[in-house]
2 protein chains.
Amino acid sequence: MARSSAARGTRAATLSDVARLAGVSVSTASKALNNRNHVHAQTRERVLQAAAQLSFSPNSLARGLLAGRTGTVGLLTSDLVGRFSLPILMGAEDAFGAGQVSVFLCDARGDAIRERHHVQALLSRRVDGLIVVGSSTDPRPPLADAVDVPVVYAYAPSEDPEDLSIVPDNVGAGRMAVEHLIACGRTRIAHISGARHYSAARDRAAGAQEALDAAGLALVGEVAYGAWEEGWGRAAAGMLLDRSPEVDAVLCGSDQVARGVLDTLRERGRRVPEDVAVMGFDNWDVMTTGARPQLTSVDMNLEELGRAAARALFEAIDAEHGRGVRTVQCRVTVRGSTAAEG
Amino acid sequence: MARSSAARGTRAATLSDVARLAGVSVSTASKALNNRNHVHAQTRERVLQAAAQLSFSPNSLARGLLAGRTGTVGLLTSDLVGRFSLPILMGAEDAFGAGQVSVFLCDARGDAIRERHHVQALLSRRVDGLIVVGSSTDPRPPLADAVDVPVVYAYAPSEDPEDLSIVPDNVGAGRMAVEHLIACGRTRIAHISGARHYSAARDRAAGAQEALDAAGLALVGEVAYGAWEEGWGRAAAGMLLDRSPEVDAVLCGSDQVARGVLDTLRERGRRVPEDVAVMGFDNWDVMTTGARPQLTSVDMNLEELGRAAARALFEAIDAEHGRGVRTVQCRVTVRGSTAAEG
DNA sequence: AAAGAGTCCGAAAACCTTTTCGGTCGTTGC
DNA sequence: GCAACGACCGAAAAGGTTTTCGGACTCTTT
């Protein structure tokens with residue numbers, strides 16, 4: 001008895017068992033189960049019945065060993081707790097799940113040693129490909145090991161331009177946000193962002209500036225960089241109102257920052273959206289729908305990003321491996337904090 | 001050429017390649033790499049060098065096929081986006097990651113069909129065990145298929161008491177919370193909870209009542225069941241203050257509800273924690289640290305729960321399969337909303 | 001009746017590793 | 001010098017599946 005638990009039965013049925021029960025050879029049983037050519041209908045029926053009776057399920061290990069393909073991919077993330085890797089992971093699982101692919105999940109915790117360890121383990125399990133999900137949109141070093149399967153970097157691009165990376169379009173997101181505010185009739189727009197050393201913060205600000213330039217507008221004050229926290233939003237909004245009371249819209253670096261800004265505006269007696277429109281980034285539902293009024297936000301389309309990464313990996317497995325950085329479009333989700341009727 | 005991408009090299013090195021390069025047989029190479037008995041030190045060295053030169057990594061499929069053990073487990077979750085499955089998943093990955101175990105991640109999206117599909121796929125990949133993570137603490141039906149590997153249910157217990165389930169101690173959490181409030185000197189405690197049809201809400205309320213009884217206190221008003229949302233917290237707090245203005249502490253069903261309660265208290269001019277103490281459940285950092293004042297909360301110890309599930313699965317694989325429902329203790333994380341000096 | 005065509009089935013190799021068992025060689029003790 | 005023994009290495013089987021190839025059988029055609 002290899003398995004020791006009393007609750008569990010004997011070992012799983014094998015193809016030989018099915019063949020024996022059906023009174024045919026293993027090769028015939030295999031062909032019958034895989035709908036291969038030239039098996040008598042009656043024979044096939046017997047085999048199918050035998051397989052059902054034994055609740056046979058083919059051993060993927062043996063199959064993978066033979067085929068040189070396992071139908072598995074590795075998903076290497078850097079911060080499972082993080083807010084961003086999760087929807088990506090979800091999208092990837094989604095795109096794979098329909099087919100015959102299973103996903104190995106690994107969390108490197110931002111530790112290079114652990115990452116190499118995981119990569120080695122995945123390679124030894126003969127994954128068909130790898131998706132590497134970063135924890136911020138800042139570029140990350142490529143995998144340390146030589147990997148003989150395709151790799152797609154998601155969210156954080158690889159520093160090596162020869163690698164294939166799929167990232168959100170932060171510049172476009174900034175542009176879209178300002179365009180939305182302008183469409184709402186706002187002209188005196190301020191920008192309270194997150195931590196300056198994040199490329200996401202700088203890219204969004206750059207996109208916002210593009211849209212302002214295109215409309216012949218100027219930002220109210222400077223971009224206020226700080227932290228991705230509500231507290232920063234509250235503090236920055238206070239300073240903004242002191243210095244530039246004429247502001248009629250605040251673009252915030254994240255939904256959390258926006259929540260803080262909303263709090264300060266409320267306390268200072270500014271009505272949202274009548275006096276000041278507010279919007280954030282990320283479209284994190286728990287932040288946006290809990291806010292008063294509900295928060296307009298730019299959705300970074302992370303699930304779609306995950307799906308795109310999965311699709312790209314499929315392509316790379318089956319055909320040619322792409323290169324360079326591809327971006328995924330974002331979209332504005334309008335709620336009460338910018339729409340007057342909200 | 002099995003692999004078609006030009007960027008990738010030829011197929012991975014196999015043990016035969018190593019043996020050939022080292023000038024020994026495959027069996028000797030195997031023994032050398034696995035530190036088996038009776039291999040000449042010099043021979044072993046040659047083999048190791050050859051393996052390094054070819055960057056050989058043993059094929060886990062072949063190994064698993066032979067050993068009857070794959071060193072993989074399936075992690076079946078019901079809502080990957082959800083807030084609760086993630087830390088559990090993280091803890092499980094943590095406990096496994098140290099060893100030689102890899103994790104297959106599957107998300108059933110609460111769909112029974114998809115769940116069966118995933119279970120079948122996992123079984124065909126010959127996982128050594130399964131962890132099933134629910135999306136709420138309400139009991140869930142056991143897996144539909146007969147599974148010949150150990151299964152551990154985490155967060156949501158199985159309806160079958162013969163299964164092994166590991167869940168947070170919601171009753172204890174409610175008790176702890178009230179004990180903390182009492183320790184802070186509060187005696188007029190109200191409870192604004194979440195949706196009534198969640199066992200988590202009812203269990204926490206029951207635990208809270210136990211602690212009140214033990215202290216000879218009565219709840220202010222009834223338990224206010226509603227929804228797990230900030231909006232409900234705001235509304236319920238308003239009603240509470242209208243009906244029972246003497247209240248000096250509000251225990252909230254979740255951190256989100258607590259955030260709403262805090263908002264209303266602030267607007268009504270009640271100081272927190274001086275006039276009214278507030279606490280929540282879940283200890284969701286983004287909710288607790290963003291709040292003003294920062295929110296005291298009961299941490300459900302979900303990562304520990306994930307680790308416990310992983311450990312229990314290990315035991316079940318190696319030895320005997322446990323049964324019944326085990327609970328994981330919670331702990332209070334004190335912040336400014338109950339501690340006067342915060 | 002014989003040959004040919006077609007239909008179906010089975011034997012065997014292949015995938016890669018581990019383990020068991022047998023074999024070779026040198027050495028030691030008598 | 002011979003037997004026994006120890007140290008080391010190699011052959012082979014096992015694990016489960018898929019695929020190729022050849023063989024056997026049936027049916028048709030001449």
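Numbered from 1 within each chain, the chains take letters A, B, ... in sequence-line order. Hydrogens, waters and symmetry mates play no part in the numbers below; they use all other heavy atoms, side chains included.
Among the nucleotides C/dT17, D/dC21, D/dG10, the one closest to any side-chain atom of B/A62 is C/dT17. Set against D/dT17, D/dA12, C/dA11, the side chain of A/S27 has C/dA11 as its closest nucleotide. Nearest to the side-chain atoms of A/H40 among the listed nucleotides C/dC8, D/dA12, D/dT19 stands C/dC8. The side chain of B/T28 has D/dC9 as its nearest neighbour among D/dT17, D/dC9, C/dC16. Distances were taken from every side-chain heavy atom of B/K31 (C-beta onward) to each of C/dT18, D/dC8, C/dT19; the shortest belongs to C/dT19. Listed candidates were D/dT19, D/dG16, D/dT17. Nearest to the side chain of A/F56 is D/dT17.
Sequence order on DNA chain D of the closest nucleotides to A/L65 and B/A41 puts B/A41 first from the 5' end. Positionally, the nearest nucleotide of DNA chain C for A/A29 lies more toward the 5' end than for the other of B/R63 and A/A29.
One N or O on the side chain of B/D107 and one on the backbone of B/R109 form a donor-acceptor pair closer than 3.5 Å. Formation of a donor-acceptor pair under 3.5 Å by the A/S78 side chain with backbone atoms of A/G134 is not found in this model. Formation of a donor-acceptor pair under 3.5 Å by the A/D111 side chain with backbone atoms of A/I113 is found in this model.
Between the side chain of A/S25 and the base of C/dA11, no donor-acceptor pair under 3.5 Å is found.
A straight line from CG of B/L15 to C1' of D/dG10 spans 13 Å, rounded to a whole angstrom. We find that CG of B/D17 is positioned 11 Å from P of C/dC15, with the value rounded to whole Å. In this structure, CZ of A/R69 is placed 21 Å from P of D/dT17, rounded to the nearest angstrom. Atom pair A/L66:CG and D/dG15:C1' shows a separation of 13 Å (rounding to whole Å applied). Atom pair B/R125:CZ and D/dG16:C1' shows a separation of 15 Å (rounding to whole Å applied). For the pair A/R46 CZ and C/dC9 C1', the computed distance is 11 Å after rounding to whole Å. The CZ-P distance, from A/R20 to C/dA11, rounds to 13 Å in whole Å. Rounded to an integer number of Å, the gap from B/L61 CG to D/dG16 P is 15 Å.
B/T14 comes within contact range of the sugar-phosphate backbone alone, with a heavy-atom separation under 4.0 Å but no base atom that close. Across all strands shown, A/S60 has no heavy atoms under 4.0 Å from either base or sugar-phosphate atoms.
Between B/N34 and C/dT18 there is a side-chain N or O to OP1 or OP2 distance below 4.0 Å. When the side-chain nitrogen and oxygen atoms of B/R36 are compared with OP1 and OP2 of C/dT18, none of them lie within a distance under 4.0 Å.
Side-chain contact annotation: B/R125 with A/S102, donor-acceptor N/O pair under 3.5 Å present. Side-chain contact check for B/S199 and B/D138: at least one donor-acceptor pair (N or O, by modelled atom type) lies under 3.5 Å.
Of the options B/L89, B/I131, B/V73, a side chain to side chain contact (heavy atoms under 4.5 Å, CB included) to B/V103 is made by B/V73 and by none of the others.
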